[in-house]
Amino acid sequence: MKNKEVANLLYTIADLLDIRGEIPFKTRAYRTAAQTIENLDEDIEILAKEGKLETLPGVGKAIAKKITEYIETGSLTFFEKLKQEIPEGIIELLEIPGLGPKKVAALYNKLGIKTVEELKKACEEGKLRGLDGFGEITERNILRGIQLKEKTQGRFLLNLAYENGSRYVEYMKQLPYINKISIAGSLRRMKETIGDIDILVSSDKPEEVMNHFVAYPEVKQVLLKGRTKTSVILEDGIQVDLRVVEEKSFGAALQYFTGSKDHNIALRGIAIKKGYKLSEYGLFEKDTDRYVTGETEEEVYRTLGLSYIPPELRENRGEIEASLNNSLPNLVTYEDIKGDLHVHSKWSDGLNTIEEIAIKAKELGYEYIGIADHSQSLKIAKGLSEERILSKIEEIKKLNGEIEGIHILCGTECDIKQDGTLDYPNAILKKFDFVVAGIHMGFKMTREEATKRITTAMDNEYVNIIAHPTCRLIGRREPFDLDMDEIFEKAVETNTYLEINAFPDRLDLNDIYCKRGKEMGVKFVINTDAHSITHLPYMQYGVATARRGWLEKKDILNTLPINDLKKVIRC
DNA sequence: GCCGTTTTCGGCCCGACTGTTTTCAGTCG
Ligand SMILES: Nc1nc2c(ncn2[C@H]2C[C@H](O)[C@@H](COP(=O)(O)OP(=O)(O)OP(=O)(O)O)O2)c(=O)[nH]1
Ligand SMILES: [Mg+2]
Ligand SMILES: [Mg+2]
Ligand SMILES: [Zn+2]
């Protein structure tokens, strides 16, 4: 799949055209097309060969032609020429906060600056202040920007942002002038990684709120501070943005600040067509500027003729159209979840005993908990030998007799070997209440090999669930190159459930594959892969991923009550 | 550069904060 490669090419072209000074609408067109291709679940090469590129939203004649040339010849004349005009390397300058295309163009054209190092030197030598639009403060700000960029990593895992954001909100609530407060941005949409934390407040005393906000003990640096908007950097490098509005704007502001940007632009487009103007301050009549509504999100959507759209869906991936014709899914909720079917105990590499896990699961309100320890080949993870399985089954039998109010199921997370066969023979597999199968080593495979390995495992009659199907680790390991459509077809054919692994660095399957899989009839299960009882609450991130993938209660195995579950997994 | 059940041309979201701009451009959300 060259989707990512083609998307990156288009993003790069957009950046270079911005620096060249093209009108923003043109560069936005390139970015829209890039985004479409990045999120595409089909292979761009196949679409190009079939001449279907222009069916993609945001891809027209000009961009389709460029993609076709790039795929057929491996290079793009337009891009090569562009790079001669503007060196590709200067794009890294755009990553410095405070530097945009206009300033970067000036630095390159007037001072010949192409790298961060050259820029640093020029700032230190005071060479920028002579340029139009630059001054001494600009030089200092750029040096700070470079420092900031060097120190902070890119995006943060969802759980880390969630915990930080919750603490900040609790701190903010100490101030009596806070009327309403909400997390917004990608964190409210529960995106898999978070660029920064966005918080919205309604208050009649914005100055007091801002002062309280910047006085938070973990604040390292105040980036900007105004009457309605303030941004800070925390000690651990995460940025937090605060917006403060009046009560009558809270809903419109929450809508704005929750995003996504693309969702906002699309919604504002609808507002225009209906004779309104939508901003963070409310919905207004376009001609008279008369305030129409804005206190709640529901009112804003309703007045625009839309049913309420849950934050997780606001990515401009069809949710606005679905809302307009009342066909939004009825999303699965955390309360729908009746149990967790992928938990490790002390029997393999987990931290807790089965008893401790069962008690915690009961506390969480579950009906059942599935202990799925590693299989024999995973020696470093203390994978269970065939003899130890029998003892474990005995222990669970005993615990089920002792502990009221929770059903403990005995499963395994059985390794899928290179050839797609399983790490236990069928005679052993049939002893488990359920079988989760997953890949844990031998990650170097071609697309065909990886796909075959998983589909072969699904053909085994005892396999109920495929764990973390793409095996990605966010920020550390790329997902397998897989023919997902083939995997989905096989899952439907063999009645195998695909896991939404809720562990924050996995979230695998991701939201996009959930949506695509559902369209093909796939069923899912949301599991935490907990290695400690402190991981069991990660379930919420799995549910969020399912919701972002448009999934409903009926799509998820572990929303079933215990008796129905037992029928489905035949135990 | 893309798009169209009002349009094949003329729109394309709208506003906050900062700095050197003496009246607003650039960047960011
Ligand atoms: N209307 C409009 N809203 C925007 C724009 N840029 C950002 N927003 C809104 C929607 C975003 O979700 C929200 C917060 O901005 P962020 O830059 O923090 O983006 P977001 O939180 O979605 O993603 P992140 O994980 O932080 O990169 O502000 C824009 O250009 N126009
Ligand atoms: Mg954000
Ligand atoms: Mg933000
Ligand atoms: Zn596991």
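Each chain gets a letter, A, B and so on, in the order its sequence line appears, and its residues count up from 1. Side-chain atoms are counted along with the backbone in the values below, which use heavy atoms only and exclude waters and symmetry mates.
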* Asked: Which nucleotide, in any strand shown, forms a Watson-Crick or G-U wobble pair with B:dT8, with both distances under 3.5 Å?
  ->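 Partner of B:dT8: none found under 3.5 Å.
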Look at the side chain of [X] and the backbone N and O of [Y], then say whether any donor-acceptor pair between them is shorter than 3.5 Å.
X      : Y      : value
A:R314 : A:I309 : yes
A:S186 : A:R189 : no
A:R155 : A:T193 : yes

Between the base of B:dG29 and the side chain of A:Y256, is one N or O donor paired with an acceptor at under 3.5 angstrom?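 When only heavy-atom distances are counted, A:Y256 does reach the base of B:dG29 through a donor-acceptor pair under 3.5 Å.
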For the pair made of [atom1] in [X] and [atom2] in [N], what is the distance, rounded to whole Å?
X      : N      : atom1 : atom2 : answer
A:Y30  : B:dC12 : OH    : C1'   : 17 Å
A:E280 : B:dG29 : CD    : C1'   : 9 Å
A:N141 : B:dT18 : CG    : P     : 10 Å
A:E54  : B:dG4  : CD    : P     : 13 Å
A:L283 : B:dC14 : CG    : C1'   : 13 Å
A:Y291 : B:dC14 : OH    : C1'   : 17 Å

Given [options], identify the nucleotide with an atom nearest to the side chain of [X].
X      : options                : result
A:K26  : B:dG1, B:dC17, B:dT20  : B:dG1
A:T138 : B:dG1, B:dT20, B:dC28  : B:dT20
A:D241 : B:dC13, B:dG29, B:dG15 : B:dG29
A:R243 : B:dC2, B:dG19, B:dA16  : B:dA16
A:K261 : B:dC13, B:dG15, B:dT18 : B:dC13
A:R28  : B:dG26, B:dC13, B:dG15 : B:dC13
A:K102 : B:dG19, B:dG1, B:dT27  : B:dT27
A:K103 : B:dT27, B:dT20, B:dC17 : B:dT27
A:Y281 : B:dT27, B:dA16, B:dG29 : B:dA16
A:A29  : B:dC2, B:dG26, B:dC17  : B:dC2

For this session: Would you tell me whether A:E285 and A:Y276 have side-chain atoms, one donor and one acceptor, within less than 3.5 Å of each other?
Result: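 Distance-only check fails for A:E285 and A:Y276.
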Assign [X] to base, sugar-phosphate, or nothing according to its heavy-atom contacts below 4.0 angstrom with the strands shown.
X      : result
A:I63  : sugar-phosphate
A:T27  : nothing
A:P24  : nothing
A:Q239 : sugar-phosphate
A:L267 : nothing
A:N264 : nothing

task = Mark yes or no: A:K66 above the aromatic ring of A:F79, with NZ or CZ under 6.0 Å from the six-membered ring centre and no more than 45 degrees from the axis.
result =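 The answer is no, since A:K66 fails at least one limit relative to A:F79.
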- Can we call the ring centroids of A:Y541 and A:F503 under 6.0 Å apart?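 When the ring centroids of A:Y541 and A:F503 are compared, they turn out to be at least 6.0 Å apart.
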Quick check, are the ring centers of A:Y216 and A:Y168 under 6.0 angstrom apart?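 Close enough - the centres of the two rings lie under 6.0 Å apart.
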- prompt: Taking the P atom of each, how far is B:dG26 from B:dT20, in whole Å?
  reply: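 It works out to 14 Å between them.
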Rounding to the closest angstrom, what is the interatomic distance between B:dT7 and B:dC2 at atom C1'?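 Pairwise C1' distance, B:dT7 against B:dC2, rounds to 14 Å.
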With a 4.0 Å limit, can you tell me whether A:T228 has a side-chain N or O closer than that to the phosphate oxygens OP1/OP2 of B:dG15?
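No, no such contact exists.
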